Trainee: 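Structure incoming, see below.
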Amino acid sequence: MSLTFANLAGFWALLGIPAILAIHFLQRQSQVLTVSTLFLLEQMRRESVSGRRFERLRNSVPLWLQLLAVLLLTWLLVQPRWLRPDAVQRIAVVLDSSASMGAFRENLTEQLRTELSELSNAAHRTEYVILDSQVAGQPIYNGTEMLELLAAIEEWTPAGGDHDFGPALRVGRSLVGGSGLLILASDHLHENLAYNGKLLAVGEPRENVGFAGLEIVENENGELLWQAIVRNYSEAAQTRSWVMQAGRQRTSERSITLTPGEVRSLQGRFPEGIDSVVLRLEPDEFTLDDSLPAVRPQPKPFSVIKISPPELDSVLEQVMESFDGLVEPSEDNPPDLALVAYDPLNPQPLPERAIVINHHRGVARNYLSGRIAAENHPLVQGLNWQSLISRQTPGIPRDPDDTVLVWQGERALIFLRTKEGLRQLCFNFDLATSNAARIPAFIVLLHRFVGDLREQKVALESVNFEINQPLQLAVAFGPEAADELRWEATTVSLAQGVSDQETIPRNRVGILRAPDRPSFFEIYQGDEQPGMLLRGSAHFADTREADLSKAASRSDLSGLDRELIEQHTEQDANWPLWLLLLLGILLASWYFVNRPSPSESQPASGPAR
């Protein structure tokens, strides 16, 4: 059985050994007494005649008894305990996956190495499980080897934002049980952790300057401009150099000086014929916001045709002009949507994807009456239709499966038809004689509907994302469509990017996210049809995580080793015996020190003659 000690401070009692030896080395100076005869002198032990000094150590029973007493007292004070043969402790460590933890990776590794090594001495076997505070499923590490645990943490990549640790702590507690140890490793202070969790904070305030946002706009001359936000999170003025890199070309270094907390915008022209650029700041300890990749935005090509009589041209032209990024239909790019005027008195077949507008050639005299109410549907959520005025005309026939979006009295003013592959938004009132074109809700609804259709279209687009942002990706289905997607990403944080390729099942497209590092990435489905689906960039823009001024360190693990030792060990069952033996030794030592000398026990001689 392995021996351990619950109170290492008890070893200070061993200082009694040199103290006892020093006392026995020292002897008192003899006192000079003047007597008339020599028979009055008793037999006395030899004493020093030159004062208090060190002499050779004299062997005596009190000396050895006192040394033995110190050893027994030390044994009792250090509280020896023996590990149980079946002692197994379980420790779960939840790593704060906030992006700011990336600046303290070395602190985290060193602190965990030190703390876990000390805690592992409390049992014969220690089982570790390391969890990411945001990623559910497979743990980062699960085993008993410290070196493998630290290697797994080195490969771990924190890139999330502010979030709740409760779910991860609950999982950790369920894995280690009620008697196990649950630790949250973070770079900020957190109080009153759930599930009896203990905090290991490894942060410290640090200076940081980084990119905080990106916008790409078009100026009056049709030139594409990039605008990057740079922020100083420090309490002192900071100076950083920056460059723009496009392919193998890069601009000369420029310097920017920011006062404490200052936010400034950098702006430049997107180079002609270049699809991607990287802005780079002089690196500091927090590297995620030192690089900002950007691609030239390119929306999915979307075309709309107009099928309407000439009298509606002016109204529908205003509707068409409100849409951005429309292309002309062609043989290679058939129409994605039809803007159709529908005459209830002369019904015609409707395209599968259409915005259908009721158009009655006659002029109705009466206006529709009744209370206007909108259903709870994403297309009309938050829109106000109370100012809509329309005339009472014949209506568009409605199917029982249609979804009504807006009512006026008993009449379905707007409804959505989605059955059998159809996607039709029907306005069941005469647009030309209403004020709908001047109501914001009407235009917003059209844009939402077109936006949904554009998202569902399988085509190439180029978009700039933030890291870890969910991706809305449309993929092709059918017997000829590939069942897997190919993901290619290249990081830009380092001087030389790291490329990565991955194959993703098509059924996982709904959970795809942008890379967790500043990167360029592309997603393909097959090599020919449809081919590349998305070209994007991922940049960091979480200002809360980039602010390291509130980082702090604290450990709630001090003193836990004593509790764990008591939990997994057995105390010395013979401690009452050792205590009685100590008392006996002290009494024996007192007796030998104070017993009368042989000369005191002999009777005194008669007077000298």
Side-chain angles (χ1 to χ4, degrees), residues 299-300 302-309 311-326 335-344 350-360 363-399 401-419 422-457 472:
K300 293 179 182 179
F302 197 84
S303 60
V304 179
I305 61 171
K306 182 167 59 69
I307 306 175
S308 63
E311 59 266 22
L312 290 180
D313 285 348
S314 60
V315 177
L316 297 186
E317 283 297 330
Q318 296 178 5
V319 173
M320 296 281 288
E321 291 176 357
S322 68
F323 297 125
D324 296 327
L326 295 183
D336 299 296
L337 176 68
L339 190 57
V340 181
Y342 181 86
D343 187 353
L350 296 174
E352 291 185 354
R353 290 176 173 80
I355 296 176
V356 183
I357 296 175
N358 189 337
H359 176 60
H360 182 58
V363 178
R365 296 182 179 180
N366 299 326
Y367 290 92
L368 291 174
S369 61
R371 181 173 176 269
I372 299 178
E375 295 286 349
N376 185 15
H377 192 278
L379 286 177
V380 292
Q381 186 176 8
L383 302 184
N384 185 0
W385 299 92
Q386 301 306 314
S387 58
L388 177 63
I389 300 175
S390 57
R391 295 182 182 271
Q392 190 171 5
T393 59
I396 302 173
R398 183 167 61 89
D399 296 337
D401 296 333
D402 293 344
T403 301
V404 179
L405 303 179
V406 180
W407 295 88
Q408 184 167 14
E410 298 296 327
R411 180 163 179 153
L413 281 186
I414 306 172
F415 58 88
L416 182 65
R417 182 171 298 163
T418 57
K419 67 178 182 178
L422 301 179
R423 187 75 174 174
Q424 300 169 349
L425 179 63
C426 301
F427 291 89
N428 195 15
F429 57 87
D430 188 10
L431 178 62
T433 58
S434 71
N435 65 342
R438 297 187 295 275
I439 296 178
F442 174 74
I443 301 298
V444 172
L445 175 57
L446 292 178
H447 280 250
R448 288 179 179 178
F449 182 72
V450 172
D452 286 347
L453 293 181
R454 192 187 291 246
E455 287 184 0
Q456 296 171 10
K457 181 179 180 179
Q472 299 292 335

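Given the structure is predicted, the values throughout are model-derived calculations rather than measurements.
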Trainee: Calculate, to the nearest 0.5 Å, the distance between atoms CD1 and CG belonging to Ile396 and Asp343 respectively.
Mentor: 10.0 Å
Trainee: I need the minimum non-hydrogen distance between Arg454 and Leu326, along with the two atoms involved.
Mentor: NH2-CD2, 4.1 Å
Trainee: To the closest 0.5 Å, what do you measure between CZ (Arg353) and CD (Gln456)?
Mentor: 7.0 Å
Trainee: List for me each residue that meets side chain to side chain donor-acceptor pair (under 3.5 Å) alongside Asp313, sequence neighbours excluded, and say none if there are none.
Mentor: Lys306
Trainee: Do you know the tightest heavy-atom contact between Pro394 and Asn358?
Mentor: O-ND2, 2.8 Å
Trainee: Can you list every pair that meets ring-ring contact (aromatic ring centres under 6.0 Å, His included) and has a residue in residues 436-455, with sequence neighbours left out?
Mentor: Phe323-His447, Phe427-Phe442
Trainee: Does the side chain of Ile414 come within less than 4.5 Å of Val380's, by heavy atoms?
Mentor: no
Trainee: What closest approach, in Å, do Lys419 and Asp399 show between heavy atoms, and which atom pair accounts for it?
Mentor: NZ-OD2, 3.2 Å
Trainee: Does Gln381 use its side chain to pair, donor to acceptor, with the backbone of Asn376 at less than 3.5 Å?
Mentor: no
Trainee: Using the test salt bridge (charged side-chain N to carboxylate O under 4.0 Å, His left out), find all partners of Asp401 that sit at least two apart in sequence or belong to another chain.
Mentor: none
Trainee: Could you check whether any side-chain heavy atom of Asp402 comes within less than 4.5 Å of a side-chain heavy atom of Arg417, counting everything from C-beta outward?
Mentor: yes
Trainee: Find out whether Leu337 and Ile355 are in side-chain contact, i.e. whether some heavy atom of one side chain is under 4.5 Å from a heavy atom of the other.
Mentor: yes
Trainee: Is it the case that the side chain of Asn384 and the backbone of Ala441 share a donor-acceptor pair, with hydrogens and angles ignored and the cut-off at 3.5 Å?
Mentor: no
Trainee: According to side chain to side chain donor-acceptor pair (under 3.5 Å), who are the partners of Thr403, at least two apart in sequence or on a separate chain?
Mentor: none
Trainee: Would you say Asn366's side chain and Gln392's backbone share a donor-acceptor pair under 3.5 angstrom?
Mentor: no
Trainee: Answer whether the closest heavy-atom distance between the side chains of Asp452 and Arg423 falls below 4.5 Å.
Mentor: yes
Trainee: Walk me through it: do Leu422 and Leu350 pass the test side chain to side chain contact (heavy atoms under 4.5 Å, CB included)?
Mentor: CA-CA 10 Å; Leu422 301 179; Leu350 296 174; over 6 Å; no
Trainee: Is the closest side-chain heavy-atom distance between Val319 and Ile357 below 4.5 Å?
Mentor: no
Trainee: Indicate the atoms forming the closest heavy-atom contact of Gly395 with Pro344, along with that distance.
Mentor: O-CB, 3.5 Å
Trainee: Could you tell me if the side chain of Gln408 sits less than 4.5 Å from the side chain of Ile372, heavy atoms only?
Mentor: yes
Trainee: Measuring from Lys300:NZ to Leu453:CG, what's the distance to the nearest 0.5 Å?
Mentor: 11.0 Å
Trainee: Do Val340 and Pro351 come within less than 4.5 Å of each other through their side chains, counting heavy atoms only?
Mentor: yes
Trainee: Without swapping roles, check the side chain of Asn428 against the backbone of Phe415 for a donor-acceptor pair under 3.5 Å.
Mentor: no
Trainee: Distance-only, no hydrogens or angles: does the Arg448 side chain make a donor-acceptor pair with backbone N or O of Pro378 under 3.5 Å?
Mentor: yes
Trainee: Distance check, rounded to the nearest 0.5 Å: Leu425 atom CG versus Leu405 atom CG?
Mentor: 6.5 Å
Trainee: Does Leu316 reach the side chain of Leu431, with side-chain heavy atoms less than 4.5 Å apart?
Mentor: yes
Trainee: If you compare all heavy atoms of Leu413 against all heavy atoms of Ser390, which two are closest, and at what distance to 0.1 Å?
Mentor: CD2-OG, 4.4 Å
Trainee: For His377, check side chain to side chain donor-acceptor pair (under 3.5 Å) against everything at least two apart and list the hits.
Mentor: none
Trainee: Quick check: closest heavy atoms across Asn435 and Ser387, and the distance to 0.1 Å?
Mentor: ND2-O, 2.9 Å
Trainee: Trp385: what forms a side chain to side chain donor-acceptor pair (under 3.5 Å) with it, not counting sequence neighbours?
Mentor: none
Trainee: Going through the distances and angles, do Asp430 and His359 end up as a side chain to side chain contact (heavy atoms under 4.5 Å, CB included)?
Mentor: CA-CA 5 Å; Asp430 188 10; His359 176 60; 3.8 Å; yes
